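Remarks on the structure that follows.
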Amino acid sequence: MKKIIFAAICLAYTTFAGAQKSTPTFKGFFENKQYDVYLKIDFYKKNIIVPNQEILGEMAGFFGDYHDGRRWLIVDADIKPAQKELETDSVANLSISNDYGSEDLTARFYKNTDDTYTLEQLDGSTLKIARNRKWVKMPKRLVFNKK
């Protein structure tokens with residue numbers, strides 16, 4: 001009887017040990033070290049609270065800067081199957097606004113084949129960050145690594 005119980009425990013252990021956790025593509029913390037910027041997102045539950053701006057409520061995420069407290073808010077994210085020109089399984093179409101609501105843009109976010117992620121600005125205003133009391137425009141395509 002003890003051998004049967006021991007065998008069952010060993011079988012259960014090996015079954016669960018082989019299971020891998022898959023991390024969702026559009027959820028997590030992503031950073032671009034070249035510009036010292038980051039994304040905090042959850043495009044599935046859309047329940048991210050922006051620090052020090054809790055009054056805005058839950059949203060899909062935000063684009064932040066390590067050197068400045070201003071943020072660009074990801075107001076909406078819509079996950080779609082990938083387009084033919086992108087080598088990825090799915091892409092998220094984003095609506096982004098600055099934290100004052102005076103500028104907005106549309107963008108897309110997708111995973112690349114090398115396990116990096118790209119934020120590509122499509123239409124509207126340009127993402128900007130403050131450096132040395134001046135606005136610096138971000139490139140139309142920013143590559144992020146998941147942290």
Side-chain angles (χ1 to χ4, degrees), residues 8-147:
I9 291 172
C10 288
L11 179 64
Y13 176 75
T14 57
T15 303
F16 292 121
Q20 294 180 347
K21 285 186 176 179
S22 63
T23 57
T25 303
F26 299 119
K27 179 181 179 180
F29 189 85
F30 304 80
E31 66 180 355
N32 177 300
K33 290 187 179 184
Q34 179 181 0
Y35 293 97
D36 268 350
V37 295
Y38 61 91
L39 288 168
K40 185 173 181 181
I41 62 170
D42 186 344
F43 296 164
Y44 304 103
K45 293 183 180 177
K46 299 178 184 176
N47 62 351
I48 301 292
I49 300 289
V50 181
N52 300 319
Q53 296 176 343
E54 293 83 2
I55 194 164
L56 299 173
E58 296 179 343
M59 54 189 58
F62 62 91
F63 173 90
D65 175 12
Y66 286 120
H67 302 281
D68 187 49
R70 288 174 274 237
R71 295 178 177 91
W72 287 79
L73 313 174
I74 302 172
V75 180
D76 193 29
D78 187 25
I79 300 171
K80 300 281 187 188
Q83 299 155 354
K84 290 183 181 180
E85 72 267 11
L86 302 174
E87 294 181 16
T88 186
D89 294 335
S90 57
V91 63
N93 295 318
L94 311 177
S95 295
I96 303 174
S97 174
N98 68 353
D99 51 1
Y100 292 105
S102 61
E103 297 184 68
D104 61 350
L105 63 110
T106 58
R108 66 181 168 192
F109 186 72
Y110 54 89
K111 185 176 182 179
N112 303 310
T113 55
D114 62 354
D115 286 336
T116 60
Y117 296 78
T118 299
L119 176 68
E120 184 178 3
Q121 300 175 52
L122 301 174
D123 193 26
S125 301
T126 302
L127 282 172
K128 293 176 262 190
I129 59 172
R131 288 288 191 273
N132 299 322
R133 295 178 293 191
K134 293 184 181 179
W135 289 111
V136 176
K137 291 182 179 181
M138 294 285 95
K140 292 288 184 188
R141 284 190 181 156
L142 282 169
V143 177
F144 290 86
N145 292 306
K146 192 167 190 174
K147 199 166 180 179

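Not measured: the values here are computed from a predicted model. For the single chain, residues carry numbers from 1 onward in sequence order.
Taking each heavy atom of P81 and V91 in turn, the nearest pair found is O-CG1, 3.9 Å. Minimum heavy-atom separation, A77 to K46: O-NZ, 2.9 Å. In plain terms, the two heavy atoms of A107 and I96 that are nearest each other are CB-CD1, 4.0 Å.
Of the possible polar contacts, one joining the N98 side chain to the G101 backbone as a donor-acceptor pair under 3.5 Å is found. Judged by distance alone, the side chain of Q53 and the main-chain N or O of P51 form no donor-acceptor pair under 3.5 Å. Remark: the backbone N or O of V143 is paired with a side-chain donor or acceptor of N32 at under 3.5 angstrom. With hydrogens and angles disregarded, no donor-acceptor distance shorter than 3.5 Å links the side chain of N132 to the backbone of K134. Listed for the R131 side chain is a donor-acceptor partner under 3.5 Å among the backbone atoms of Y35. Side chain of D99 to backbone of R71: a donor-acceptor contact under 3.5 angstrom is found. No side-chain donor-acceptor contact under 3.5 Å links E31 to the backbone of N145.
Ring geometry for F30 against Y117 counts as perpendicular: the plane angle is over 60°, on a 0 to 90° scale with 30° as the lower cut.
To the nearest 0.5 angstrom, E120 atom CD is 10.5 Å from N93 atom CG. Remark: I74 CD1 to L119 CG distance equals 7.0 Å, nearest 0.5 Å. Remark: D68 CG to D36 CG distance equals 12.0 Å, nearest 0.5 Å. Note that the CG atom of L73 and the CG atom of L94 stand 12.5 Å from one another [nearest 0.5 Å]. Atom-to-atom distance recorded for I79:CD1 and R108:CZ is 15.5 Å, nearest 0.5 angstrom. Remark: L122 CG to L105 CG distance equals 8.5 Å, nearest 0.5 Å.
Y110 meets the ring-ring contact (aromatic ring centres under 6.0 Å, His included) test with no other residue; sequence neighbours excluded. Under the rule for a ring-ring contact (aromatic ring centres under 6.0 Å, His included), Y44 has no partner lying at least two apart in sequence or in another chain.
You'll find the side chain of F63 reaches within 4.5 Å of the side chain of L127, heavy atoms only. Contact of the D42 side chain with the K27 side chain is registered, since non-hydrogen atoms from C-beta on lie closer than 4.5 Å. Put simply, the side chain of D115 does not reach to within 4.5 Å of the side chain of K146, judged on heavy atoms. Side-chain atoms of T126 and K140, non-hydrogen and from C-beta on, do get closer than 4.5 Å to each other. Looking at K128 and V136, their side chains never come closer than 4.5 Å, going by heavy atoms from C-beta outward.
Y38 pairs with exactly one of Y66, F144, W72 by the ring pair (Phe, Tyr, Trp, His ring centres under 6.0 Å) rule, that one being Y66.
When the shell of 6.0 Å around NZ of K80 is examined, it contains 12 or fewer heavy atoms from other residues, nucleotides or ligands.
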